[in-house]
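Worksheet for the structure shown next.
All figures in this text were calculated on a predicted structure; none of them were measured in a lab.
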Amino acid sequence: MLGVTRNDILQLSKGIVLHAISELEKCWAFNVETGDQYDLNSSAYFLLTRFVEPTSVNAALRDFTKTYELSDQEAAKDCLPLLSQYLKDGLFKRR
């Protein structure tokens with residue numbers, strides 16, 4: 001499977017639930033079908049929330065760069081490998 005590209009449209013897979021407790025600064029993704037749990041930092045959580053509905057990676061990266069004040073290149077360098085791993089782990093499906 002190829003890694004995620006800017007042109008991909010991704011959506012969280014069925015059974016993936018995101019949860020955050022802001023007071024504790026804790027975030028998770030849960031796969032309610034397999035029982036897998038992923039501890040997330042706040043920036044990974046922010047990124048995953050962009051894909052509740054089918055969304056282009058490019059649009060999600062634009063939101064990420066605005067929120068975290070990164071260049072487009074920095075955001076892509078940080079986010080594309082992470083999104084590729086999450087796709088491999090089954091958190092996303094390509095649309």
Problem set entry | Minimum-distance pair of heavy atoms, taken over all atoms of Asn41 and Ala44 | OD1-N, 2.7 Å

Exercise. Do the non-hydrogen side-chain atoms of Leu18 and Trp28 ever get within less than 4.5 Å of each other?
Worked result: no

For this session: First locate atom SG of Cys79, then atom CD of Glu74, and finally report the distance between them rounded to the nearest 0.5 Å.
Result: 10.5 Å

For this session: May I ask you to decide if Ile16's main-chain N or O and Ser13's side chain share a donor-acceptor pair within less than 3.5 Å?
Result: no

Problem set entry | Minimum-distance pair of heavy atoms, taken over all atoms of Ala76 and Pro81 | O-CD, 3.7 Å

Exercise. Are any side-chain N or O atoms of Gln11 and backbone N or O atoms of Phe92, one a donor and one an acceptor, separated by less than 3.5 Å?
Worked result: no

Problem set entry | Side-chain donor or acceptor of Asp89 paired with backbone N/O of Leu91 under 3.5 Å | no

Problem set entry | Lys88 side chain reached by Gln85 side chain, heavy atoms, under 4.5 Å | yes

For this session: Ignoring hydrogens and angles, state whether a donor on the side chain of Thr5 or Asn7 is under 3.5 Å from an acceptor on the partner side chain.
Result: no

For this session: For residues Leu61 and Ala75, report the shortest heavy-atom separation together with the two atoms involved.
Result: CD2-O, 4.0 Å

Exercise. Do Val57 and Leu80 have side chains that get closer than 4.5 Å, going by heavy atoms?
Worked result: yes

Problem set entry | No-hydrogen, no-angle side-chain donor-acceptor test under 3.5 Å, Thr34 and Asp36 | yes

Exercise. Got a donor-acceptor contact below 3.5 angstrom from the Thr65 side chain to the Leu70 backbone?
Worked result: no

Exercise. Ignoring hydrogens and geometry, is there a side-chain-to-backbone donor-acceptor pair from Asp8 to Leu10 under 3.5 Å?
Worked result: no

For this session: Please report the shortest heavy-atom distance between Ala60 and Thr55, naming the atom on each side.
Result: N-CG2, 4.3 Å

Problem set entry | For Phe64 against Ser43, the heavy-atom pair lying closest together | CE1-O, 3.6 Å

Exercise. Looking only at atom types and distance, does a side-chain atom of Glu25 sit under 3.5 Å from a main-chain N or O of Ser22, one as donor and one as acceptor?
Worked result: no

Exercise. Is the Phe30 ring parallel, tilted or perpendicular to the His19 ring (thresholds 30°, 60°)?
Worked result: tilted

For this session: Determine yes or no for a side-chain-to-main-chain donor-acceptor pair under 3.5 angstrom, with Ser56 supplying the side chain and Ile9 the backbone.
Result: no

For this session: Examine distances only and state if a side-chain atom of Ser84 and a backbone atom of Leu82 form a donor-acceptor pair shorter than 3.5 Å.
Result: no

Exercise. Hey, what's the ring geometry for Phe46 with Tyr68, parallel, tilted or perpendicular (30° and 60° as the breaks)?
Worked result: perpendicular

Exercise. If you round to the nearest 0.5 Å, how far is CZ of Arg95 from CZ of Phe51?
Worked result: 13.0 Å

For this session: Could you give me the CA-CA distance, side-chain angles and deciding distance for Asp72 and Arg6, then say whether salt bridge (Lys or Arg N to Asp or Glu O under 4.0 Å) is met?
Result: CA-CA 11 Å; Asp72 188 57; Arg6 293 172 173 273; 2.9 Å; yes

Problem set entry | Distance in Å, Gln37 CD paired with Asn31 CG, rounded so as to fall on 0.5 Å steps | 11.5 Å

